[in-house]
Amino acid sequence: ALHEQMAASVHEISNLIEPVAVAARSDASQLGHKVSQMVTYFEPLIMAAIGTASKILNSQQQMSVLDQTKTLAESALQMLYTAKEAGGNHKICCSARSHGCAAHTQEALEESVQMMKEAVDDLAATLAEAASAAGAVGGMVNSITQAINKMEDGPGIEPEGTFVDYQTTMVKTAKAIAVTVQEM
């Protein structure tokens, strides 16, 4: 559950990176709302990261989860500071000497957005690796193995129905399997 909460928070934060950046570039009226939306996912992320790390047996993976969560929070902070500076100002600066101009701010915003995207990707990869090590994939493999074993045992009773009924059921089942595989 902690892993799922952490993954969901990372996903939602990832979905809000670009809307915050767009608001910072050119829509000051939405900037506060988007920032508030993003910030609401950090407390659940941090609490879930601590819980997830406490459940991971491998100390290196524990440190990776905590370090990458910290990196994500720091990159978000940097992005939010830069977004505040940009403040929806999309005008290009006239004087190249002015360090606080909009062009420099937009460039800094792009860099901070990229850093945050990389931090999200790194944390998501670590979460996937930790889930695999924790047996999430092993549980799925066990379920598949059990299903195969049941199929090999064969049906316990003689099935009833026509060939068309079986064919229809097989097609529906195959489509359901395809959907499940796509989700995985």
Side-chain angles (χ1 to χ4, degrees), residues 1-28 30-90 99-144 180-184:
L2 291 168
H3 180 271
E4 288 176 14
Q5 181 181 6
M6 193 172 175
S9 295
V10 168
H11 179 71
E12 291 300 326
I13 289 168
S14 175
N15 288 342
L16 287 167
I17 293 171
E18 203 53 44
V20 168
V22 168
R25 281 185 213 108
S26 60
D27 192 3
Q30 287 293 310
L31 183 57
H33 174 67
K34 297 298 180 188
V35 167
S36 295
Q37 250 184 319
M38 180 182 280
V39 170
T40 61
Y41 292 105
F42 276 94
E43 186 174 353
L45 171 67
I46 291 166
M47 299 309 287
I50 292 168
T52 298
S54 71
K55 303 286 184 191
I56 296 174
L57 300 177
N58 183 331
S59 63
Q60 186 176 0
Q61 282 184 334
Q62 283 178 334
M63 289 307 297
S64 290
V65 167
L66 295 174
D67 283 343
Q68 289 174 350
T69 302
K70 178 183 171 191
T71 300
L72 176 57
E74 289 172 344
S75 66
L77 181 63
Q78 182 61 43
M79 182 180 138
L80 296 180
Y81 281 144
T82 309
K84 178 184 172 191
E85 277 184 43
N89 182 7
H90 62 284
H99 292 1
C101 73
H104 293 288
T105 303
Q106 297 300 326
E107 186 177 308
L109 180 64
E110 291 305 315
E111 286 177 22
S112 65
V113 166
Q114 188 60 37
M115 281 179 32
M116 191 161 173
K117 286 180 180 179
E118 289 172 9
V120 163
D121 292 343
D122 290 346
L123 184 54
T126 299
L127 286 175
E129 182 182 321
S132 176
V137 174
M140 288 187 278
V141 170
N142 288 339
S143 296
I144 292 170
T180 303
V181 167
Q182 185 67 29
E183 290 174 358
M184 290 172 35

Within this structure, what is the [atom1]-[atom2] distance for the pair [X] and [Y], rounded to the nearest 0.5 Å?
X	Y	atom1	atom2	result
Leu127	His3	CG	NE2	4.5 Å
Lys117	Met79	NZ	CE	9.0 Å
Asn15	Met38	CG	CE	9.5 Å
Ser36	Leu31	OG	CG	9.0 Å
Glu74	Asp67	CD	CG	9.5 Å
Thr69	Phe42	OG1	CZ	10.0 Å

Look at the side chain of Ser14 and the backbone N and O of Val10, then say whether any donor-acceptor pair between them is shorter than 3.5 Å.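 The answer is no, because no donor-acceptor pair under 3.5 Å joins these two groups.
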Using only atom types and a distance under 3.5 Å, with no angle test, would you say the side chain of Gln78 pairs donor to acceptor with the backbone of Ser112?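 Answer holds: no.
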Between Lys34 and Glu18 (salt bridge meaning N to carboxylate O under 4.0 Å), is one present in this structure?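 Judged by the 4.0 Å cut-off on N to carboxylate O distance, Lys34 and Glu18 do not form a salt bridge.
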How about [X] and [Y]: do any of their side-chain heavy atoms sit closer than 4.5 Å?
X	Y	answer
Leu123	Leu45	yes
Gln61	Thr126	no
Met116	Glu111	no
Met115	Thr71	no

Looking only at non-hydrogen atoms, find the nearest pair between [X] and [Y] and report the distance.
X	Y	value
Ala48	Leu2	CB-O, 3.6 Å
Val113	Ala21	CG2-CB, 3.5 Å
Ala83	Val20	CB-CG1, 4.4 Å
Thr82	Ala108	CG2-C, 3.5 Å
Met6	Thr52	SD-OG1, 3.9 Å

Tell me whether the count of non-hydrogen atoms from other residues, nucleotides or ligands lying under 6.0 Å of CD in Glu110 goes above 12.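 Above 12, so yes.
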Pair Leu16-Val35, side-chain contact (heavy atoms from CB on, under 4.5 Å): steps then yes or no: CA-CA 8 Å; Leu16 287 167; Val35 167; over 6 Å; no
Can you name the side chain to side chain donor-acceptor pair (under 3.5 Å) partners of His33, sequence neighbours left out?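 Once residues adjacent in sequence are excluded, His33 has no partner under the side chain to side chain donor-acceptor pair (under 3.5 Å) criterion.
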